[in-house]
Amino acid sequence: MKKIVILISGRGSNMEVLLNAKLNCRVAAVISNRPNVGGLAVAQSHCIPTHVVEHRSHPDRESFDAELAKVIDSYQPDFVVLAGFMRILTDSFVNHYPGRLINIHPSLLPSFTGLHTHARAIKEGVKIHGCTVHFVTPALDHGPIIIQAAVPVMQDDTEATLAARVLREEHRIFPQVLRWLCAGHVELASNGKVINHRRKQPGFALISPALE
Ligand code: GRF
């Protein structure tokens, strides 16, 4: 059975969904860069080994990433899953896990890379927003896309209501990706393209606002 290590920085709702999803892989450990975050307690309640590698106690990104990789590699995972992990990783860390590092991002990439995606989507007036799961490459939030979910942006949305609508979809697409990866249905080819042996074509368009 494949093994994964999950990295978090906060409440860990995406991590929790993965722990509850009865995946065809074993979650070997959960690692947080912040102590005392909610996600650590959730992982512990599932009897998953947890670690804290504090970015604050490292002088630079290189030494933090080296320590992080040391802890990750002690579990020899097949995949390393960034589930709300809020640190920018060095190229050498990313290149250490080619085709094995996965991230979930709360926007329809390549729109709204980086932070505050929901507030920026509202400010720009986009009518469709969403979330993306992708392989991580050194270019921040630009790695090959595995799956996306789109949601409408409502006229009276606040950052919080839009975030909640997107998060519901994050919780649907993330377990699907892990199932695909751990069954070998999805992989990153050497040309940088995602191969998905199981892809079903979606059957409809999302038009927002709706047609009359
Ligand atoms: C999610 O929206 C994720 O996409 C983003 O940060 C949030 C983390 O939420 N990177 P949680 O910790 O998984 O609840």
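Predicted, not measured: the structure shown is a model, and the values here were computed from it. Both ligands and their constituent atoms are indexed starting at 1 by order of listing. In this chain, numbering begins with 1 at the start of the sequence shown.
Grouping Ile, Leu, Val, Met, Phe, Trp and Tyr residues whose side-chain heavy atoms lie under 4.5 Å apart, directly or via other members, places Met86 in a hydrophobic cluster with Leu115.
For the residue pair Thr113 and His142, no side-chain donor N or O sits within less than 3.5 Å of a side-chain acceptor on the partner.
Annotation: atom 12 (O) of ligand 1 to nearest protein heavy atom, Gly12 N, 2.9 Å. If you check which protein heavy atom lies closest to atom 8 (C) of ligand 1, you get Gly84 CA, 3.7 Å. Here the protein heavy atom with the shortest distance to atom 2 (O) of ligand 1 is Glu170 OE2, 2.9 Å. Arg11 NH2, 3.2 Å is the protein heavy atom nearest to atom 9 (O) of ligand 1.
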Subject >> side-chain contact (heavy atoms from CB on, under 4.5 Å) assessment of His55 paired with Arg34 >> reply: CA-CA 8 Å; His55 63 279; Arg34 293 179 191 279; 4.2 Å; yes
Original post:
Can you check side-chain contact (heavy atoms from CB on, under 4.5 Å) on Asp141 and Asn103, steps first, answer last?
Top reply: CA-CA 8 Å; Asp141 293 333; Asn103 182 45; 3.8 Å; yes
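Under the side-chain hydrogen bond (donor to acceptor under 3.5 Å, both in side chains) criterion, Ser32 pairs with no residue, sequence neighbours left out.
Relative ring orientation between Phe112 and His129 is described as perpendicular, the plane-to-plane angle rising above 60° on a 0-90° scale split at 30° and 60°.
Ligand 1 has no N or O atom lying under 3.5 Å from any N or O atom of Met86, backbone or side chain. Between His105 and ligand 1, a contact under 3.5 Å exists for no N or O pair.
By the 4.0 Å heavy-atom criterion, Ile8 is excluded from the residues contacting ligand 1.
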